[in-house]
Asker: 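My questions will all concern the structure given below.
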Amino acid sequence: MQISVDDRGYYGRFGGAYIPEMLYPNVEELRDQYLSIIATDDFQRDFHHLLRDYVGRPTPLYLAERLSEHFGVTIYLKREDLCHTGAHKINNTIGQILLAQRLGKKRIIAETGAGQHGVATATVCALMGLECVVYMGSVDIQRQAPNVARMRMLGAEVRPATSGSQTLKDATNEAIRDWINNPVDTHYIIGSVVGPHPYPDMVARFQSVISAEMKTQLLEATGKEDPQIIIACVGGGSNAAGAYYHYLNQPEVRLIAVEAAGEGVHSGKSAATSVLGTEGVIHGSRTLLMQTADGQIVEPHSISAGLDYPGIGPMHAHLITTGRAEAVSITDEDAMRSAFFVSRQEGIIPALETAHAFSALDHIQYNSSDVIVINLSGRGDKDLGTYIQHIDRFQPENAIR
Amino acid sequence: MNRIEQLFQQKREGVLNIYFTAGYPGLTDTQPIIMALEEAGVDLIEVGMPYSDPLADGPTIQESGMAALQNGMTLPLLFEQLAEVRRHTNIPLVLMGYFNQVMQYGEQAFFSKCQEVGIDGVILPDLPLYEYETQYRTMVEEAGLAISFLITPQTPEDRIRKIDALTRGFIYMVSNSSITGAKVGISDGQIAYFQRISQMELKHPRLIGFGISSYETFSQACEYSQGAIIGSAYIKALGAGGDIREITHAFVQKIRGQVSV
Ligand SMILES: Cc1ncc(COP(=O)(O)O)c(C=O)c1O
């Protein structure tokens, strides 16, 4: 089975561009031009230059010896947490800002949940001197205060999304409405492999640098390009798409997609879309999403704002429903325990999203001879507020007396 | 013949189409609102299926939708209400909503149910033309339904022709690139766009919607098209509270320029 997007933006039966006519010219312009612009030498030169000198790529592939010993298997960490701004999100925003410039756009809008994509967008806008408006749910503005301050410091205007549930889904709605109202001069930088075609494919291409580097680095480290297993967390699915990309058509490489189970898959407070979701349309894409029988989109829950999304990108819906990727869901509690465990074990404080990926090690089968790569999508600085609330429970032994 | 096509055969100017969100302000207001609109002389009624994530809608319609959902409105209940309404009126009725709602009901089941309860047309702003043409067109046409697609100031001419070919009933001309309820007044740029489209001699009648809220904007829109569509302004009037029949009569009189207040 060859996995790629067709020219109408479908992965199997998922994808497409289910958008109101008001958005058609913008999306059509992108669809017509993204591949040819990305293919130019000029774009490639700027993209790779900025990834190297500004973002700090290639990010290391690190053999996590103490984790490997603990789990009895070889574990490598792809260190996206070491990217400038602290997560993989900037790979995509660099690509999209270069594209927006070439399309002659003057104003950038974005949505954000955890604030990582908002910060990555505000950063590239500062870099290029473009106006930046970031939509963020009012609830997320409360729980991700440091990132709100970072965006402001970088010169972006953060606009609260006060509609609906006031989280990532609603911030995305507001960004789309802004784009409808500003059809000519504005580019919308979507932060994951979601939204209407060509976004899922475009964002996956920009993130694919992750698996391109993995191949070279694994070859150097192990003598083989391929691991047996790749693990990544999935909110919309951009870090996972990047980590899987160059392995998609190698079925012998297992792809593990880790979703947020929240307080438990069937607790009513979960974001485990592959289990709870049914086929429908969200944010312009036909995919799996959490909804009522009547087609109203349901509010997800996850302790990690970056995984708190009621859908998944169409590529992942396709990978999971065809069995190419295995979905694992991890509770808030297990993710929290993993975050503290990994911090002590490797000296790396992961983002809460990434902590879900680590926790999957407790839930999958593997052989001791396997090589596993975990995509360490981001660092935990932004989550310190949440970690502080739990530290005495998970690390009572070194409490300050 | 379909009631919408019949309407446009008889009436080629000043067609007034009013949108309301089903289940707002009250769960059982669907029938009183439709009867009042008909009595007040509205030509065509768009019944909005409330949706959690209406991408093309501004705050007024969003909030009315959230309230309607909280009141307990569902698609099966709405169909029940509309079947009852149809026993009392012959006014053309259009269902408007988002494609996900149709998908979850089942596309074939949805269009058949529309036909069964006496709905005359549908508007699904996020249903793409290609998917419509290749997967759903036969279902819609076999159910005898009209379907309107949207055009905007940015829609290229060849695409407008394509939309004209796929439309049944009327073309929904979005007055400006915006979400619903966003802008007030009609600019010179918009007039130029209205004129340009009017000169294209399309097969189907055109109704202008988005930002039409008053006697002035309604009359202006009617100069360049067969009529216009009003949504947010009417929902605001309903939201202010009071007797539905009185509010509706006063609202329609104001729009038609028959001010009696
Ligand atoms: C560190 C980190 N990992 C993962 C995600 C989830 O997004 P995606 O699934 O697109 O990688 C986020 C989103 O904010 C994030 O900040």
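Protein chains get the first letters and strands the later ones, always in sequence-line order, with residue 1 at the start of each.
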Asker: Does the side chain of B:Q104 come within less than 4.5 Å of A:T292's, by heavy atoms?
Answerer: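 The answer is no, as the side chains (C-beta and beyond) never meet within the 4.5 Å cut-off.
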Asker: Show, in sequence, the C-alpha distance, side-chain angles and deciding distance for B:I179 and A:N181, and conclude whether the side-chain contact (heavy atoms from CB on, under 4.5 Å) test is met.
Answerer: CA-CA 6 Å; B:I179 53 176; A:N181 287 335; 3.7 Å; yes
Asker: In Å, rounded to the nearest 0.5 Å, how long is the span from CG of B:D126 to NE2 of A:H283?
Answerer: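 Between B:D126 CG and A:H283 NE2, I get 11.5 Å after rounding to 0.5 Å.
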Asker: Could you check whether any side-chain heavy atom of B:P76 comes within less than 4.5 Å of a side-chain heavy atom of A:D294, counting everything from C-beta outward?
Answerer: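 Of all side-chain heavy-atom pairs linking A:D294 with B:P76, at least one is under 4.5 Å.
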Asker: Picking from B:L124, B:T152, B:V174, B:L127, which has the most non-hydrogen pairs under 4.5 angstrom with chain A?
Answerer: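 Maximum pair count with chain A is reached by B:T152.
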Asker: At a heavy-atom separation under 4.5 Å, does B:E131 approach chain A through its side chain, its backbone, both, or neither?
Answerer: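 The answer is the side chain of B:E131.
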Asker: If you take all heavy atoms of A:P183 and B:S177, which pair is closest and at what distance?
Answerer: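 The pair with the smallest heavy-atom distance is CG-CB, 3.4 Å.
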Asker: State the CG-CD distance between B:D53 and A:Q291, to the nearest 0.5 angstrom.
Answerer: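 Rounded to the nearest 0.5 Å, the CG-CD separation comes to 10.5 Å.
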Asker: Do B:Q154 and A:V184 come close enough that some side-chain heavy atom pair is under 4.5 Å?
Answerer: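 Touching, per the 4.5 Å side-chain cut-off.
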Asker: Quick one: pull up CE in A:M22 and CD1 in B:I151 and give me the separation to the nearest 0.5 Å.
Answerer: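 The CE atom of A:M22 sits 12.5 Å away from the CD1 atom of B:I151.
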Asker: Using non-hydrogen atoms only, which part of B:Y130 is less than 4.5 Å away from chain A: side chain, backbone, both, or neither?
Answerer: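 Only the side chain of B:Y130 comes within 4.5 Å of chain A.
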Asker: Non-hydrogen atoms of chain A under 4.5 Å away: do they reach the side chain of B:P54, the backbone, both or neither?
Answerer: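 For B:P54, backbone and side chain are both near chain A.
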Asker: With side chains defined as the heavy atoms from C-beta onward, is the minimum distance between B:R159 and A:E28 less than 4.5 Å?
Answerer: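 They are not in side-chain contact.
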Asker: Compare all side-chain heavy atoms of A:E21 with those of B:I163 and state whether any distance is below 4.5 angstrom.
Answerer: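 Contact flag for A:E21/B:I163 side chains = yes.
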Asker: Give, as side chain, backbone, both or neither, the part of A:Y18 having an atom under 4.5 angstrom from any heavy atom of chain B.
Answerer: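 When you check distances to chain B, atoms from both the backbone and side chain of A:Y18 fall under 4.5 Å.
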Asker: Under a 4.5 Å heavy-atom cut-off, does chain A meet the side chain of B:L129, its backbone, both or neither?
Answerer: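 B:L129 has no heavy atom closer than 4.5 Å to chain A.
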Asker: Contact part of A:I176 toward chain B, heavy-atom cut-off under 4.5 Å: side chain, backbone, both or neither?
Answerer: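 Contact with chain B: side chain only.
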Asker: Between B:F99 and chain A, which part of the residue has a heavy atom less than 4.5 Å away: side chain, backbone, both or neither?
Answerer: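 For B:F99, the contact with chain A is made by the side chain alone.
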Asker: Is a donor on one side and an acceptor on the other found under 3.5 Å between the side chain of B:S52 and the backbone of A:I297?
Answerer: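 Yes, the answer is positive, given that a donor and an acceptor are paired below the 3.5 Å cut-off.
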Asker: Would you mind checking which part of A:T162 comes under 4.5 Å of any heavy atom in chain B, side chain (CB onward), backbone (N, CA, C, O), both or neither?
Answerer: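 For A:T162, neither part sits under 4.5 Å from chain B.
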Asker: Drop me the distance from B:M49's CE to A:Q296's CD, to the nearest 0.5 angstrom.
Answerer: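 These two atoms lie 9.5 Å from each other.
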